[in-house]
There are 2 protein chains.
Amino acid sequence: MARTVNEQDYAEKRGEIIAAARRLVYSKGYEQMSIKDILDALQISKGAFYHYFSSKQDLLEGLLDQLLAEIEQILNQIIDRPDLSATAKLQSFFDTIGRWKTAQKDLFFGLLRVWYSDDNAIVRQKMETRTIQHLTPFLEALIESSVAEGRLNTAFPDQAGAIAFTLLQGLSSALVEMLLSDEPNDALWPRAARVVAAYNDAMERVLGAEPGRLQLIDVETIHEWFTGTR
Amino acid sequence: MARTVNEQDYAEKRGEIIAAARRLVYSKGYEQMSIKDILDALQISKGAFYHYFSSKQDLLEGLLDQLLAEIEQILNQIIDRPDLSATAKLQSFFDTIGRWKTAQKDLFFGLLRVWYSDDNAIVRQKMETRTIQHLTPFLEALIESSVAEGRLNTAFPDQAGAIAFTLLQGLSSALVEMLLSDEPNDALWPRAARVVAAYNDAMERVLGAEPGRLQLIDVETIHEWFTGTR
DNA sequence: ATAAATAAACCGACTGTAGGTTTATTATAG
DNA sequence: CTATAATAAACCTACAGTCGGTTTATTTAT
């Protein structure tokens, strides 16, 4: 025979290209990123690129896969903890999201404008639907267990995960819009706090949790978001 | 001076271009629609187009304005009805959305694929945020009145409108995804009914309505959606 | 061990198309 | 008449994607 595909190398190279694309998407957004940007960054030819990806969209799918895989890994770490009750895991899930964003604050805030720009609409849209599709099962399991534990109460544990995600994304959108507005932070942050409180309330009602039980984002965190340098 | 701008004519021509763009967006999606498509459809030159719009994005904004204005008009008709209580208006609001979609069923289903395609992500995204921004006040007012009427119960009437919209959009996304899937309709529709029930429940809980009071979409309607020709 | 064979990996000029600009011309209100 | 709105058409630039071709690694037959 002849030269055979080295799956290892192939995947590695593909990963490198995706990584470069990711940096570019983070810095200038998907639409603004040209294939040439990637070629320049990696010093490879067009032929090389199109050997690994059939189109720019194909590259995007790969990027989304990578992002989702990372999230799933983090989620799994929470799920696997035997010391936590299902309800605690659920809360830990929310906390982890918030903590990640805070930890990578500089990166995160730099990302915001790009991620929520018009030039990134497809990426966000696709990421949103994929997040719901892939992560809902995790949430569903936690919710079902919590219902069994008696800490949650819903007649639709199978659907509640998706609805919870919808709420989470709604909250994110609302907060991001405020963060990206021109209004001064100190005027914004009490309003942000109220938005969070409202979504918290909504989430508790939907899942049938006792008031104050579930906290999507703690007040500390949003305060920090809205008082740091933008 | 010289030839003065005829505001009337100017707006009219702009409207014509937007209308043509709208037909094209409906038939092939925003990204797939080129400026040339519009020029060909109206038999005008590029110069003419760029006299009325500064860019393709500018055109999009105009299109969104048009769409939103139509929705607002419909909403206002409901609000203005003195015979209805606030809660009845709220229900009427949901009904109207569903009835519109059913009435224009053929158009509506044809639209679905295009509207939810990747090539239309920016349009949908922008329309979503603008819908929330512009229509939330209407919902808020209805919710506040309903709370006063004692038919709803929420500590966050000011935020509940936005959250309600989030839920509506979440439900829409879920249903559309099912409608666009390859699975056969008869297998799909009981699941769709359950999704609707879950969102109904969520909405009632969030707004603090009595169970069964609020109906986002009635079962008749979705049944019709999922049994007609696709 | 070596050379022929073969397919993967890579290269970069080229193309078609699209959004947008510039420059020139026509029509019309004052 | 003339200034300007309105239109036309040639032009520019950037970009995704293609394609014929070259290099490089691996296998197989001698």
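Letters go in sequence order (proteins before strands), and every chain restarts at 1.
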* Length of the CZ-C1' vector between Arg14(A) and dC10(C), whole Å -> 17 Å
* Asked: Can you check the Leu59(B) CG to dA18(C) P distance for me, whole Å?
  -> 16 Å
* To do: Can you tell me the distance, in whole Å, between the CE atom of Met33(B) and the P atom of dA18(C)?
  => 12 Å
* Asked: Between atom CG in Leu39(B) and atom P in dA18(C), what is the gap in whole Å?
  -> 11 Å
* Structure fact -> In whole angstroms, the gap separating C1' of dA8(C) from NE2 of His51(A) amounts to 6 Å
* Have a look at Tyr50(B) and say if it touches a base, only the backbone sugar-phosphate, or nothing, with a 4.0 Å heavy-atom cut-off. => base
* Asked: Heavy atoms under 4.0 Å, any strand shown: does Tyr52(B) hit a base, just sugar-phosphate, or nothing?
  -> sugar-phosphate
* Check the distance between dA10(D)'s P and Lys36(B)'s NZ and give it to me in whole angstrom. => 13 Å
* To do: Return the value, rounded to whole Å, for the distance between atom CD1 of Ile38(B) and atom C1' of dA18(C).
  => 12 Å
* To do: Look at Ser45(B) and dA8(D) and indicate whether a side-chain polar atom (N or O) is within less than 4.0 Å of OP1 or OP2.
  => yes
* **Residue Glu220(B) excluded, over 12 heavy atoms near CD under 6.0 Å** => no
* To do: Establish, for the pair Lys56(A) and Tyr30(A), whether the NZ or CZ atom is under 6.0 angstrom from the six-membered ring centre and no further than 45 degrees off its axis.
  => yes
* Does Ile79(B) offer a backbone N or O that forms a donor-acceptor pair with the side chain of Lys89(B) under 3.5 Å? -> yes
* **Protein-nucleotide distance (Phe53(B), atom CZ; dA18(C), atom P), rounded to Å** => 20 Å
* In terms of side-chain heavy atoms of Lys56(B), which of dA8(D), dC10(C), dG19(C) is nearest? -> dG19(C)
* How about Asp65(B) and Ile18(B): do any of their side-chain heavy atoms sit closer than 4.5 Å? -> no
* **Heavy-atom donor-acceptor pair, Lys46(B) side-chain to dG19(C) base, under 3.5 Å** => yes
